[in-house]
There are 4 protein chains.
Amino acid sequence: MRSTAAREAILDATSRLFHSQGYDRLTIEGIAKEAGVGKQTIYRWWSSRGALIADCLLDGRLIPVDFDMPDTGDLLGDVETWLRSVLAVLEAPQGQALLRSLVAAAADDADVGVHLGESLGVEKYLSERLRGGIRDGQLPADAPVAQIGRAILGAIIVESLGREAREPGEVIDLVRYLFAR
Amino acid sequence: MRSTAAREAILDATSRLFHSQGYDRLTIEGIAKEAGVGKQTIYRWWSSRGALIADCLLDGRLIPVDFDMPDTGDLLGDVETWLRSVLAVLEAPQGQALLRSLVAAAADDADVGVHLGESLGVEKYLSERLRGGIRDGQLPADAPVAQIGRAILGAIIVESLGREAREPGEVIDLVRYLFAR
Amino acid sequence: MRSTAAREAILDATSRLFHSQGYDRLTIEGIAKEAGVGKQTIYRWWSSRGALIADCLLDGRLIPVDFDMPDTGDLLGDVETWLRSVLAVLEAPQGQALLRSLVAAAADDADVGVHLGESLGVEKYLSERLRGGIRDGQLPADAPVAQIGRAILGAIIVESLGREAREPGEVIDLVRYLFAR
Amino acid sequence: MRSTAAREAILDATSRLFHSQGYDRLTIEGIAKEAGVGKQTIYRWWSSRGALIADCLLDGRLIPVDFDMPDTGDLLGDVETWLRSVLAVLEAPQGQALLRSLVAAAADDADVGVHLGESLGVEKYLSERLRGGIRDGQLPADAPVAQIGRAILGAIIVESLGREAREPGEVIDLVRYLFAR
DNA sequence: CCTTAAACGAGACGGTACGTCAGGTCTTCTT
DNA sequence: AAGAAGACCTGACGTACCGTCTCGTTTAAGG
C-alpha cells in the first residue's frame, strides 16, 4: 500500500538536492526534510543512498536529456551528435560537478555504477550504433564495440576528474581518431 | 618545526586504512588512532581528507607499482606492457575496490583528481611513449595522444564502475584496435 | 516524545559523577557514557552542564537530605537542628568538596545559583522558622530574616572555601550569638 | 634567573583577562598570548591556573581596592565604612560577575580559597576591628569574631550566587542587626 | 460504511565522526 | 640558562547524520 505521492516527493527531493549540493553533501535527513517525509519512509523503500540515486538515474531525473541517436548512415556524424548532447550536459553550469558527483556515487554504490553508462546512452544508443557501423562496413568486424563506448565515456570522465580546463573539441578529436581509417 | 615521524606515521596509516577499508570508511579519527597521533596534527598540515590521499598518491603509497615503461621500438607491445602492470593492480585482491576508492576520492577532491592519472603513469609514461610512436611513424602525426591515454584509463575505470566481471583481455582489444592501422 | 528512562539515567549519572569527581571534572561525554546515552540526548533537553546540575539539585539528587525543620517553640534549638543536618552533609566523606563543587557550579551557572540555597532549605525552612521567631517575640520585629539565613549559610561556605580545618562548633557559636539577646 | 618582566606581564595579563572574561573563560594559552610569553614560562613558575590567580589576588591585582579601616571608636560606623567599600566593588560594572568568578576560583583551587577572604580585608581589618569592639565593650567578650566576619562576607556571596537583584541596603541591615544590642 | 492494519510525518534514541579548543609536555631556536 | 614559539598527544566540546525505534495520524481495503 505504498504512497506514490511520497515516492514522487522523495525522488524529486533527491534529484533536486543532488544537483544543488552534490553527492557528498546529500543526506537522508536532508532529503526527508526537503520531501516533507519521514526518514523511515525512505528507509522502508530504499536500502541505501545509492539505491535512491540509482532510482533517480533510471527515471532520468539526474541527467534529464534524451540520448536517442539517429542513424543517418554517417557513423562519425551520428556519434558526434550523441557526443555533443553529452558534452552539452557538462557545459551547463555545474555540469562537470554533476558528472563527478555521479562518478562518486557510482564508485560508492554498485547500483549506481551499473546504471551510469546506461543512462548516458552508452549501451542503448552508442554501442548499438557502432554495431550498425560494423554491419554496413564503416567499422571492421572485430571492432570492440563495448570497449570503444567505454573509452569515449571514460575519456570524458578522466578529463573531468583531472579538473582540466575543458577544450570542448578534444574528445571529438578522439572520436575522429577512433573512426578514421 | 614539523615532525617527520608524525608525517610518516600519518601517511602510512592513511594508506594502510585506505587499502583495508576503502575511501568511504576512511576517517580522520581512524587515521589519527592508527597513526598514534592527535587529530590536530593532521588538521595542522592537511586541509582535508583528500589532501592527505593526494599526498599518499604522490608518495606512491596507494599504488605501489612502478609504471615505468620501456621503449623497445614496438609501440603496441610497450603499451601492452604498461597496461598489464595496471591490470595487475586490479587483479590483486580488492584491486577493483581500490580503483573505485581512488575514483571516489578523485571525484570528491580536486587534489586527488589531478594526481590520479599521473600516479598510474598515464602522462609520464603512456603519453610519452605515444609521442614516440608519432615520431617513429607508428602513429599518425595528428593522433590525439593525451586523449588516447585518457581513453584507455577511462575504459578501465568505466568497466570497474559498472561492476562487470572483468574479462582480462577486453581492454587489450581496445588497445589493439586503437593502434591497428 | 521524551524518554523518561533516558532522563532518569542522565540525572542519575550526573549526580553519581558529581559526587565522585566533583564539578570541574564533570563532562558531558562522561555523563553520556555513564548513562549509556548519546550526547545529543543530553544537549536536546539541557542547555548546559549547569542546567543539568540545577535539575539534579531540584530533584534532591545532589544533597539527598531532608531539611524539614520542626517548630518546637524553641527558636535556637530548632535552628540548631537544621544546622546540624546541614553540617552532617559536610562531615560525610568528601562533604566539604561536595559543597565547594556546588558553589563552583552556582558561580558558573545562574540556574544552579538560584536553587542552591533553596535545596539546603534556607528559604523554605530556615527563613520560615525565623519569621515564626518574630511572631512569637523571640526575634525583634525588624530582624532581617532573609539576610540572617544567608549569613549562616554564607559563613559555612566561606569557611569551606578557606579550607580551614573545621571546628564543628564554630558556626553554632555564630547562631547562638545571632539569637542571644 | 627568573625574568621579572615576564612575571609582571603574566600577572598583568591574568588579571586583565580575569576581569574581562571571567574565571571559566580564562585559559593558560590566552594568558600566554596576551602576555607575549611562552606557555612553558607560565608552567615553570606556577603549578596551576589557581596558583596564578592566588598570586594576582595577593598582589591586589584582582580587587584593586584598599580595605584599610579606620578606628573612629564607632564600631558600627567603622564596619559600615568597610562594608561600603566592599559593596562598591560589586556595584561597579561586572562587579557581581567578578565576585562570582573569585568564588568559582576559590572553590576550584585551595590557594585562591585561603586568600579570598584575606584580600577583601576580612581577617586583616574587619576581624581586627571587631576584636577592638570587644576590648572597648561594644561587643560581648564571647562574640565569635571570625564567624561574624565570615557571616557578613558569606551573606554577600550567597546573595550574589542567588543572582538576586541586589538591594544595596540589605547587607547593612544584617550588620546593624549583628551589632544592635 | 466502517473497521483495521499498513504506511505515514515526526522526531527521539544510541552512536560515530566531524572540526575546534585548550591542557600540559616536549623540542628548537633566540636572546 | 631562560624565554618565545609552537608542535605534539590527549581529551572534551557542541554539531551533523546515521539507521532504528516509538509515537499518534492518515488512508485505503476488505468485511
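A, B, ... follow the sequence lines: proteins, then strands. Residue 1 opens every chain. Predicted, not measured: the structure shown is a model, and the values here were computed from it.
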Problem - Distance, rounded to the nearest Å, where C/Lys39 contributes NZ and E/dC18 contributes P - result: 13 Å
Exercise for the section: Could you check how far CZ of C/Arg25 sits from C1' of F/dG11, rounded to whole Å? Expected result: 13 Å
Exercise for the section: Side-chain contact test, heavy atoms from C-beta onward, threshold under 4.5 Å: evaluate it for C/Arg2 versus C/Arg44 and give yes or no. Expected result: no
Practice task
Using whole Å, report how far CD1 of B/Ile31 lies from P of E/dT16.
Solution key: 18 Å
Exercise for the section: Send over the distance from D/Ile42 CD1 to F/dA5 P, rounded to a whole Å. Expected result: 12 Å
Practice task
Have a look at B/Gly30 and say if it touches a base, only the backbone sugar-phosphate, or nothing, with a 4.0 Å heavy-atom cut-off.
Solution key: nothing
Fill in the blank from the handout: D/Gln40 CD to E/dC26 P, in whole Å, measures 9 Å
Exercise for the section: Taking only the side-chain nitrogens and oxygens of A/Arg44, find out if one of them lies under 4.0 Å from OP1 or OP2 of E/dA7. Expected result: no
Handout entry: Whole-Å gap separating P (E/dT16) and CD (B/Gln21)
Key = 14 Å
Problem - Under-4.0 Å side-chain N/O to phosphate OP1/OP2 contact, B/Thr41 with F/dA7 - result: no
Practice task
Take atom CD of D/Gln94 as the centre, draw a 6.0 Å sphere, and report whether it contains more than 12 heavy atoms from other residues, nucleotides or ligands.
Solution key: no
Completion exercise
In whole angstroms, the gap separating C1' of F/dA12 from CZ of C/Arg49 amounts to 11 Å
Practice task
Let me know the distance between CG of A/Asp24 and P of F/dC18, rounded to the nearest Å.
Solution key: 12 Å
Exercise for the section: Give a yes/no on whether any side-chain N or O of A/Trp45 is located under 4.0 angstrom from OP1 or OP2 of E/dC8. Expected result: yes
